[in-house]
Number of protein chains: 2
Amino acid sequence: MSYPYRVTRNDEEPVGLDALDRVTWALRRTELAVQTLKEQRLRPLGMAAAHYTLLISVHAEPGLTGAELARRLNVTPQAIASLVARLESRGQLERREHPRHRHIQELHLTDAGREALRAADAVIVGIERRITDGLGSETARLRALLDQVAEAVREG
Amino acid sequence: MSYPYRVTRNDEEPVGLDALDRVTWALRRTELAVQTLKEQRLRPLGMAAAHYTLLISVHAEPGLTGAELARRLNVTPQAIASLVARLESRGQLERREHPRHRHIQELHLTDAGREALRAADAVIVGIERRITDGLGSETARLRALLDQVAEAVREG
DNA sequence: TCAGGAGTATCAAGTGTTTGACAGCTGCCC
DNA sequence: GGGCAGCTGTCAAACACTTGATACTCCTGA
């Protein structure tokens, strides 16, 4: 009644075999494939996808704090601290003191960081373009549907 | 030329600020939200999403080997071994000797495993239904678009 | 004025996964 | 037959992230 399932000898087949066709599986597979390709293409630049994500976030909102960044990226502050430490040691990221709050530290890109981000973003844009070229005018539709799914799930 | 970017003093703004609007970001956000909800709803059953994924894979293709499973789920064989060990210790999964190959071990669900999978799948189906209800007739469209993206990315 | 709440950063321990290396079994080809 | 590629499973170390706990800073309100 609830969903189609294969009929065996008796009615015992509680779990459908169509599980691999579900929307959430397609979602997972696709996201995994995209992420894998990004990682693959970014590796020659010596940058992990997580590094790129952090850099472009700071680029979009300079002065972001670690905790705020953690919320944006859905990870814990410690994970951010680890990434920041690495990027800082490479001279791509800078921790400045907050003007009003001594304990808080703002994050800013250095020139080297901007340069690295630029190179990485070219790679990402290339991937993005390949996808949108394939989709054509359906791109906006896909994004709308994805947002709708995210919305439906979030109010849980 | 390639994509719109904000103009500053000079033409120096190599990285677009529209990065958060890209399709791959929407994809990532949505997948993350779905996965988080699954994890949340599965926790009361004492099962992680990874366990569910493994169980239903074995259910769909009984006798699967660990290595083959690793390829299916895009993780390393060690990760599978870790999950299998846990599920086996719970009596939900069984390792049998391959009929022709002594060193290889086939994976099969036990009755307890089928029962646990059934309970977990009810939860997952509930989530799936909430999504498809929200999408209505657009569900098939979304799946087609996702598959198209996966295809476009995979031939890289 | 100063005690407490809110927010941030960081240390320590535990968990899960990957990377690298290695041994066992089978089947093929010389 | 014997060597050798190919695949599987597993051990050890490294790595990334989370959970739990603690300290620091600012702000607010009694």
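All values below were derived from every heavy atom in this structure, side-chain atoms included, with hydrogens, water molecules and symmetry-related copies excluded. Note on naming: letters A, B, ... go to the chains in the order of the sequence lines (proteins, then strands), and numbering restarts at 1 for each one.
- Atom P of nucleotide D:dT8 and atom CG of B:L64 are separated by 11 Å, given to the nearest angstrom.
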Test log, rule salt bridge (Lys or Arg N to Asp or Glu O under 4.0 Å), inputs B:E68 and B:R72: CA-CA 6 Å; B:E68 189 57 36; B:R72 293 266 201 289; 2.5 Å; yes
Sequence-aligned protein contact record of nucleotides 15-25 of chain C, with B where the base is within under 4.0 Å of a protein heavy atom and S where only the sugar-phosphate is: -S-BBB---BB
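- The minimum heavy-atom distance between A:R22 and B:D121, with the atom names listed, is NH1-OD1, 3.1 Å.
- Closest non-hydrogen pair, A:L27 versus B:E31, comes out as CD2-CA, 3.7 Å.
- Put simply, CD1 on A:I80 is 13 Å from C1' on D:dT18, counting in whole angstrom units.
- Taking 4.0 angstrom as the limit, A:Q105 places none of its side-chain polar atoms (N or O) nearer than this to OP1 or OP2 of D:dC24.
- Distance NE2 (A:H98) to C1' (C:dT8): 11 Å, rounded to an integer number of Å.
- B:L32 and A:I56 fall into different hydrophobic clusters, where Ile, Leu, Val, Met, Phe, Trp and Tyr residues are linked whenever their side-chain heavy atoms come under 4.5 Å apart, directly or through other members.
- Every salt bridge (charged side-chain N to carboxylate O under 4.0 Å, His left out) that A:R96 has, sequence neighbours left out, goes to A:E94.
- We find that CD1 of A:I104 is positioned 14 Å from C1' of C:dT10, with the value rounded to whole Å.
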May I have the list of side-chain donor-acceptor pairs in residues 80-89 of chain A shorter than 3.5 Å, sequence neighbours left out?
from, atom 1, to, atom 2, distance (Å)
A:E88, OE1, A:R95, NE, 3.2
A:E88, OE1, A:R95, NH2, 3.1
A:S89, OG, A:R86, O, 2.6

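- Going from atom CD of B:E39 over to atom P of D:dT19 covers 10 Å, rounded to whole Å.
- Whole-Å rounding puts the A:L107 CG to C:dT8 P distance at 12 Å.
- Atom CD in B:E97 sits about 12 Å away from atom P in D:dG9, given to the nearest Å.
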